[in-house]
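The chains referred to below are lettered A, B, ... by the order of the sequence lines, with proteins before strands, and numbering in each begins at 1. Heavy atoms only: backbone and side chains are in, while hydrogens, waters and symmetry mates are out.
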Amino acid sequence: MSVSLKPSEKNKDFFLSVYEVVRLIPKGRVTSYGAIANYIGAKNGARMVGWAMNNSHSQEKYVPAHRVVNRIGMLSGKGHFQNPTAMQEALEEEGHFIKKDQIMNFEEVFWDPSKELEL
DNA sequence: CTTCTGACTGAAA
DNA sequence: GTTTCAGCCAGAA
């Protein structure tokens, strides 16, 4: 295990918030790192969301990271899954159609927590 | 301490 | 229209 570092206590809340929002993503919907970051308050912390996803493996509870993609709907994080195809298969199983690591009709399935999920 | 990298994004060329 | 650059925060070497 190379990456065995956990988030600092200070950022722990940020990480947990990310996981919480990700779990709230309805089935058949997806969101972007920036949308989550914006909802939490770190609108410029999209990369931190990605970092949180990397730590999601350390979480006891499962985090549907496959529902989180970049702003264009590309499976940028597929390489971090158990298998490079796990993310695509998981999405297809939820009714999505992926083409070349990119979600078709992404705008239709996009789920913005700051809009769909009220404060 | 300095430097680089990254599951990103927005703007500029 | 595509491609490149810079900004952003946190962690690793």
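dG6(B) atom P lies 17 Å from atom NZ of K78(A), rounded to whole Å. Computed from coordinates, the F15(A) CZ to dA7(B) P distance equals 13 Å when rounded to whole Å. To the nearest angstrom, P of dG6(B) lies 12 Å from CG of N54(A). In this structure, N38(A) atom CG and dG7(C) atom C1' are separated by 16 Å, rounded to whole Å. For the pair M48(A) CE and dA10(C) P, the computed distance is 7 Å after rounding to whole Å. N44(A) has its CG atom 12 Å from the C1' atom of dA10(C), to the nearest Å. What separates OH of Y19(A) from C1' of dA7(B) is a distance of 12 Å, to the nearest Å. Here dA7(B) presents its C1' atom at 13 Å from CG of D101(A), a figure rounded to the nearest Å.
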Worksheet item: Base, backbone or nothing for each nucleotide of nucleotides 8-13 of chain B, written B, S, -, heavy atoms under 4.0 angstrom, 5' to 3'?
Response: BSS---
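Separating the C1' atom of dG1(C) from that of dC8(B) is a span of 22 Å, rounded to the nearest Å. Look at the C1' atom in both dT3(C) and dA7(B): the space between them is 22 Å, to the nearest Å.
In this structure, the separation between OG on S76(A) and CG on N70(A) is 4.0 Å, given to the nearest 0.5 Å. I98(A) contributes atom CD1, which lies 13.0 Å from atom CE of M74(A) (distance to the nearest 0.5 angstrom).
The residue A42(A) sits apart from the nucleic acid: no heavy atom pair falls under 4.0 Å. The residue H66(A) sits apart from the nucleic acid: no heavy atom pair falls under 4.0 Å.
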Let me have the donor-acceptor pairs involving side chains of residues 28-35 of chain A, under 3.5 Å, with sequence neighbours excluded, atom names and distances please.
from   : atom 1 : to      : atom 2 : distance (Å)
T31(A) : OG1    : W111(A) : O      : 2.8
S32(A) : OG     : A35(A)  : N      : 3.2
Y33(A) : OH     : V68(A)  : O      : 3.4

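A heavy-atom distance below 4.5 Å is found between the side chains of R23(A) and K61(A). By the 4.5 Å heavy-atom criterion applied to side chains, M104(A) and V109(A) are not counted as neighbours.
Qualifying side-chain contact (heavy atoms from CB on, under 4.5 Å) partners for M87(A), counting only residues two or more places apart in sequence or in other chains: H66(A), V69(A), L75(A), K78(A), F81(A), L91(A).
A single hydrophobic cluster is seen to contain both L16(A) and L24(A), as judged by linkage of ILVMFWY side chains at heavy-atom distances under 4.5 Å, directly or through other members.
Base pairing analysis places dA7(B) opposite nothing; no Watson-Crick or G-U wobble pair with both distances below 3.5 Å involves it.
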